[in-house]
Colleague: 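Just dropping this structure here.
Lettering follows sequence order; numbering is per chain, from 1. Side chains included, hydrogens not; waters and symmetry mates left out as well; all remaining heavy atoms used.
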Number of protein chains: 2
Amino acid sequence: MTEPLHRLLGSDLAADPAFLLARARAVTSVVANARLAPFQLKVRSLSVLWLAGQGFGPSQRELSEFLGLDPSQVVALIDDLQGRGLVERRPDDRDRRSRIIVATPAGRELLEQALTEVRAAGDTSFAGLTDDERKTLTGLLTKVAFGGR
Amino acid sequence: MTEPLHRLLGSDLAADPAFLLARARAVTSVVANARLAPFQLKVRSLSVLWLAGQGFGPSQRELSEFLGLDPSQVVALIDDLQGRGLVERRPDDRDRRSRIIVATPAGRELLEQALTEVRAAGDTSFAGLTDDERKTLTGLLTKVAFGGR
DNA sequence: CTTCAATCATTGACTTTCTCAACTATTTGG
DNA sequence: CCAAATAGTTGAGAAAGTCAATGATTGAAG
């Protein structure tokens, strides 16, 4: 027997995209974090490792802007990853204030494994959507996530 | 002059729906919370007031389930709203363990005003989307937010 | 009818995440 | 060269999330 599957779904709130965004984000991150737990990663720390492991060589400021995090949170995330030998802080020749974050070989190795888990998490989280719908969703979310100034 | 508008957009991460969900949710909630600040509300507390003000008479357990919050968080939210005379805890005749949350007249009044702000916030957050796209997004998000078991 | 397990709301403790202000080193523009 | 802005860091405090325990009540089983 299935759940009552909420009568509250009939409320206006249930049709509010901002609310849906919050709830969808909550459920997906729970699923993904569970999968990442064995690696001692969360979606947050993985995001950093991800960008560091793909040759972008982001500065911390870029990470902070792109991930929507306070610079101090980025510091903490990188401290952790660096302490575990997964990323390095490299000097930026063009600006000595700035640090460029690069994954170590160990970091790239872990990234690979973590990514397969994350993909699996995505498959369960977005199981109700067809491939086309996922693409559509991705496109729409991109506009919302990066639309404003 | 516009922003660099991130080279990191080229990363795989930028195409990951879970990441986009997180970022979209972050930006929309910042916008909405800013609009709600004059009412001393946040999207969280408004959600409760919203459901309480529309005749659903949700129990706290229902709120907790539907909003995806721990029951203790719901207690705190309602304590606050009740302390400000915006909602009441009513006994549930069918189950005396449970409390039914109902907005007071003052609560409904405030809700009205807050809702127009929230709609305005939505208009700025989703400005990049057509009406059709918003509907599509809402539909897709509903599946994700309420899909799994 | 009684007992036992489950459920609802609550409390309290604790961790994580968020937000902000201050500070140092460095860069940029005048 | 100087002043203002920027990158990263630190630290503090607020908000949010997690978890276990408790009292009251319910429902199911015997």
Colleague: Is a side-chain donor or acceptor of B:D92 paired with a backbone partner of B:R97 at a separation under 3.5 angstrom?
Modeller: no
Colleague: Between A:K135 and A:D131, does any NZ, NE, NH1 or NH2 come within less than 4.0 Å of an OD or OE carboxylate oxygen?
Modeller: no
Colleague: Could you check whether any side-chain heavy atom of B:L21 comes within less than 4.5 Å of a side-chain heavy atom of B:L141, counting everything from C-beta outward?
Modeller: yes
Colleague: Between B:I100 and B:G57, what is the shortest heavy-atom contact and its length?
Modeller: CG2-O, 3.5 Å
Colleague: Could you state the atom-to-atom distance from CD of B:E65 to P of C:dT7 in whole Å?
Modeller: 11 Å
Colleague: Could you check how far CZ of A:R89 sits from P of D:dA7, rounded to whole Å?
Modeller: 16 Å
Colleague: In residues 33-59 of chain B, which ones come under 4.0 Å of DNA chain C, going by heavy atoms?
Modeller: B:S59
Colleague: Is there a donor N/O on one and an acceptor N/O on the other, under 3.5 Å, for the side chain of A:S72 and the base of C:dC18?
Modeller: no
Colleague: Tell me the interatomic distance from B:D80, atom CG, to D:dA15, atom C1', rounded to whole angstroms.
Modeller: 13 Å
Colleague: For A:D79 and for A:S98, find the nucleotide of DNA chain D with the closest heavy atom, then tell me which residue's nucleotide is more 5'.
Modeller: A:S98
Colleague: Respond yes when some side-chain nitrogen or oxygen of A:R99 is under 4.0 Å from OP1 or OP2 of D:dG8, and no when none is.
Modeller: no
Colleague: Rounding to a whole Å, what distance do you find between A:I101:CD1 and D:dT9:P?
Modeller: 7 Å
Colleague: Report yes if at least one side-chain N or O of A:Q73 is closer than 4.0 Å to OP1 or OP2 of C:dT19; otherwise report no.
Modeller: no
Colleague: Could you check how far CD1 of B:I78 sits from C1' of C:dC8, rounded to whole Å?
Modeller: 12 Å
Colleague: Whole angstroms only, please: what is the CG-C1' distance between A:D70 and D:dA15?
Modeller: 14 Å
Colleague: Could you see if B:L13 belongs to whatever hydrophobic cluster contains A:L41? Use Ile, Leu, Val, Met, Phe, Trp, Tyr and a side-chain cutoff under 4.5 Å.
Modeller: yes
Colleague: To the nearest Å, how far apart are A:L69 CG and C:dT16 P?
Modeller: 16 Å
Colleague: Considering all heavy atoms of both residues, which atom of A:A14 and which atom of B:F66 are nearest to each other, and what is their separation?
Modeller: CB-CZ, 3.8 Å
Colleague: Check the distance between D:dT25's P and B:R61's CZ and give it to me in whole angstrom.
Modeller: 18 Å
Colleague: Hey, are B:D123 and B:R134 close enough for a salt bridge, meaning a charged N less than 4.0 Å from a carboxylate O?
Modeller: yes
Colleague: I'd like to know if B:R61 pairs up with B:E65 as an ion pair, taking the criterion as any Lys NZ or Arg NE/NH1/NH2 lying under 4.0 Å from an Asp or Glu carboxylate oxygen.
Modeller: yes
Colleague: When every nucleotide of nucleotides 22-30 of chain C is labelled 5' to 3' by its protein contacts under 4.0 Å (heavy atoms), B for base, S for sugar-phosphate only, - for none, what sequence of letters results?
Modeller: ---BBS---
Colleague: Does B:R23 reach the main-chain N or O of A:A145 with its side chain, forming a donor-acceptor pair under 3.5 Å?
Modeller: yes
